[in-house]
Chemist: 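Please see the structure below; I have some questions.
Reckoned from all heavy atoms, side chains included, excluding hydrogens, waters and symmetry mates. In listed order, ligands and their atoms are each counted from 1.
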Amino acid sequence: MTASPHPQGLTGRPEWKALGDHYNAMKSMHLRDLFAGDPNRAKTFSLSACDLFLDYSKNRIVAETMHLLFSLAKAADLKAHTEAMFTGGRINITEDRAVLHTALRSPRGTVLEVDGHNVIQDVHEVLDKMARFCDRIHSGDWKGHTGKPIKNVVNIGIGGSDLGPVMAYEALKHYSNRGMTFRFVSNVDATDFAEATFDLNPEETLFIVASKTFTTQETMTNALTARQWLLATLNDEAAVAKHFVAVSTNAEKVQEFGIDTANMFGFWDWVGGRYSMDSAIGLSTMLALGPDQFRDMLSGFHDMDVHFRHAPLEENMPVIMALLGIWYSNFFNASTIAVLPYDQYLKRFPAYLQQLTMESNGKSVTLTGASVDYDTSPVYWGEPGTNGQHSFYQLIHQGTHLIPCDFIAFCRSLNPINDHHDKLMANVFAQSEALAFGKTSEEVAAEGTQANLVPHRTFPGNRPSNTILAEKLTPRLLGTLVSLYEHIVFVQGIIYEINSFDQWGVELGKVLAKRIVPELQSGSEELSHDSSTNQLIEHYRKSHGRS
Ligand code: G6Q
């Protein structure tokens with residue numbers, strides 16, 4: 001199924017124009033007045049789903065805003081597109097692929113046929129194979145080449161084959177097997193490999209080479225270095241089979257590398273890299289958590305899938321958050337969104353979301369190839385609170401940019417020590433309050449502030465935010481949270497009429513770097529780049545005495 005765009009494009013839709021007119025009425029309204037005028041505002045603009053509580057009342061909206069945004073989603077036929085994704089429609093049209101990450105967390109026994117084949121059965125076969133492997137590692141049945149059990153796991157992968165596994169490992173460390181060490185190597189900068197392995201004993205180390213294509217330069221370079229590192233100590237090619245497993249869709253390349261395909265965990269072309277942390281790409285996560293907790297995480301993903309697929313638009317958490325994102329990006333010209341988890345375990349969550357959101361919706365042509373005349377994905381960024389408060393929040397409070405914020409927090413700490421958690425939560429509530437309501441010059445003056453300092457100490461407020469609250473960070477909850485953002489991205493992609501599931505910008509980088517490597521390594525090869533690139537290459541060659 002393809003999108004059915006308006007003949008004059010998104011901005012030609014009457015619903016879009018109505019939002020533009022509504023913006024003119026809304027832009028000068030202050031959250032202070034909106035709250036003062038409606039004692040039920042917090043209740044009206046809040047929602048619970050899948051153990052998440054979303055308070056979106058501190059947004060610059062009224063009921064009419066939401067009504068117009070939902071009308072836009074309806075005009076874009078969002079529900080039909082959602083069904084197309086869930087049922088295996090080939091919605092990734094530039095690669096002619098289905099987009100079925102939701103199948104990765106469908107319960108055992110359900111059926112979803114793609115090209116006459118039940119993919120859910122395949123999914124569970126791989127999950128079972130992963131679980132058997134984890135049990136062998138954990139029980140010590142799987143031994144390294146010299147007979148020692150595996151204590152260290154190093155995941156080698158990049159982009160979608162790294163960011164999800166690292167984020168999930170960090171997020172769920174509390175639930176992980178503390179007797180094992182987990183490291184992640186992604187960068188082709190050798191420092192990444194060197195630092196990840198410097199204190200590991202090769203005899204007790206397992207490498208997971210995670211690459212959908214098994215051709216990615218960084219991953220293959222790191223995998224070859226890992227093999228060299230292992231053999232430098234173990235000195236026997238046969239050791240590779242005991243210390244390397246692969247996660248890939250490319251059995252031929254896995255075999256070529258020397259990994260027994262019996263130790264390969266597969267997935268499918270309908271799983272995009274940035275949507276793959278719940279596929280076999282999550283093998284390191286399963287090794288850290290154990291199969292049961294990994295399955296809990298999948299259930300959390302599935303909870304949100306069901307909610308997104310079936311809840312009416314007006315009660316649909318991903319839809320509401322996606323539409324609010326569009327409201328700010330396209331009408332208030334907000335070019336970034338800050339994601340601010342008040343939980344140290346979620347320190348890699350913003351980095352994970354950067355890929356999910358920006359690689360998916362950082363596009364400037366529509367599905368028909370026409371150039372867009374509106375902004376698509378905003379820049380996502382963030383850091384855990386309270387740390388961010390002591391650095392960039394200044395700009396969010398008093399700078400010239402409007403930066404909508406997503407605050408994420410948990411009522412219960414996984415490390416309830418003294419009153420740390422009350423203080424953490426007091427901060428998150430105080431921040432969204434200060435952003436929304438600010439402090440007027442009258443209030444500042446009334447505090448006895450020196451007149452010349454009043455403008456500096458005034459906070460305009462009217463800075464929007466969502467707050468997502470959950471009881472406790474668990475594997476299940478993490479799945480729900482990731483799935484929430486996956487679907488936000490989907491909704492925005494549908495409204496923007498773009499393909500959220502290809503990544504030609506990434507492909508370009510892969511090709512360009514390969515061309516320059518031989519030029520760096522040879523001193524004589526003639527250079528035919530622009531003068532700047534030629535000069536930089538020459539500079540490097542000189543430093544290595546190659547020219
Ligand atoms: C994700 C992208 C990209 C990809 C990496 C690694 O959606 O396609 O980030 O995950 O380039 O690719 P491989 O898994 O094929 O090594």
Side-chain angles (χ1 to χ4, degrees), residues 85 91-102 104 126 154-168 184-189 192-193 207-226 244-257 259 264-285 348 350-363 376-377 380 482-483 485-490 492-493 498-514:
M85 174 173 73
I91 62 171
N92 176 357
I93 58 162
T94 59
E95 297 178 304
D96 190 24
R97 288 176 182 169
V99 174
L100 273 175
H101 45 276
T102 52
L104 297 170
V126 174
V154 181
N155 188 80
I156 299 179
I158 195 165
S161 302
D162 168 69
L163 287 159
V166 181
M167 183 278 288
F184 298 84
V185 176
S186 54
N187 202 331
V188 75
D189 180 346
D192 206 9
F193 181 84
F207 290 98
I208 302 174
V209 185
S211 175
K212 184 172 169 181
T213 53
F214 232 73
T215 56
T216 305
Q217 186 194 54
E218 292 91 332
T219 302
M220 291 303 108
T221 305
N222 279 318
L224 285 169
T225 298
F244 278 82
V245 297
V247 179
S248 187
T249 56
N250 192 342
E252 209 181 307
K253 289 276 176 199
V254 168
Q255 203 159 22
E256 232 172 72
F257 182 85
I259 298 176
M264 164 179 156
F265 301 86
F267 58 116
W268 307 273
D269 70 355
W270 41 260
V271 184
R274 54 196 174 276
Y275 297 88
S276 67
M277 60 171 274
D278 46 345
S279 72
I281 289 289
L283 184 61
S284 58
T285 316
R348 294 288 296 178
Y352 172 78
L353 281 189
Q354 287 189 324
Q355 185 194 24
L356 180 67
T357 55
M358 296 199 272
E359 198 170 283
S360 296
N361 285 344
K363 312 284 164 67
T376 56
S377 177
Y380 278 77
V482 173
S483 178
Y485 279 92
E486 285 178 350
H487 297 316
I488 290 172
V489 167
F490 174 78
Q492 294 185 337
I498 56 180
N499 184 0
S500 304
F501 301 104
D502 60 10
Q503 55 283 314
W504 299 105
V506 178
E507 313 300 333
L508 174 73
K510 291 187 179 184
V511 174
L512 292 184
K514 279 191 180 145

Chemist: Taking non-hydrogen atoms only, is Lys212 closer than 4.0 angstrom to ligand 1 via side chain, backbone, both or neither?
Modeler: both
Chemist: Is there any N or O on Phe214 that sits under 3.5 Å from an N or O of ligand 1?
Modeler: no
Chemist: Restricting to non-hydrogen atoms, name the atom on Val99 and the atom on Asn92 that form the minimum distance, rounded to 0.1 Å.
Modeler: CG2-CB, 3.8 Å
Chemist: Considering only the protein, which heavy-atom contact is closest to atom 4 (C) of ligand 1, and what is its distance?
Modeler: Gly160 N, 3.8 Å
Chemist: Mark yes or no for whether Ser248, through its side chain, and Lys212, through its backbone, hold a donor-acceptor pair below 3.5 Å.
Modeler: yes
Chemist: Using a 3.5 Å distance criterion without hydrogens, assess whether the side chain of Thr216 forms a donor-acceptor pair with backbone atoms of Glu218.
Modeler: no
Chemist: Of the protein's non-hydrogen atoms, which lies at the shortest distance from atom 15 (O) of ligand 1, and what is that distance?
Modeler: Thr213 OG1, 2.6 Å
Chemist: Going by heavy atoms, is Gln355 under 4.0 Å from ligand 1?
Modeler: yes
Chemist: Shortest non-hydrogen contact from Asn499 to Ile93?
Modeler: ND2-N, 3.6 Å
Chemist: Of all the atoms in ligand 1, which lie at a distance below 4.0 Å from a heavy atom belonging to Glu359?
Modeler: 1 (C), 2 (C), 3 (C), 7 (O), 8 (O), 9 (O)
Chemist: For Phe207 and Phe193, take the angle between the two ring planes, folded into 0 to 90°, and tell me which bin it lands in: parallel under 30, tilted 30 to 60, perpendicular over 60.
Modeler: parallel
Chemist: Could you identify the single nearest non-hydrogen protein atom to atom 11 (O) of ligand 1 and state the distance to 0.1 Å?
Modeler: Lys510 NZ, 3.0 Å
Chemist: Below 4.0 angstrom from a heavy atom of Ser211, which ligand 1 atoms are there? Numbered from 1 as shown, please.
Modeler: 13 (P), 14 (O), 15 (O), 16 (O)
Chemist: Looking only at protein heavy atoms, identify the closest one to atom 5 (C) of ligand 1 and say how far it is in Å.
Modeler: Ile158 O, 3.5 Å
Chemist: Of all the atoms in ligand 1, which lie at a distance below 4.0 Å from a heavy atom belonging to Arg274?
Modeler: 1 (C), 7 (O)
Chemist: Does CD in Glu252 sit with more than 12 non-hydrogen atoms of other residues, nucleotides or ligands closer than 6.0 Å?
Modeler: no
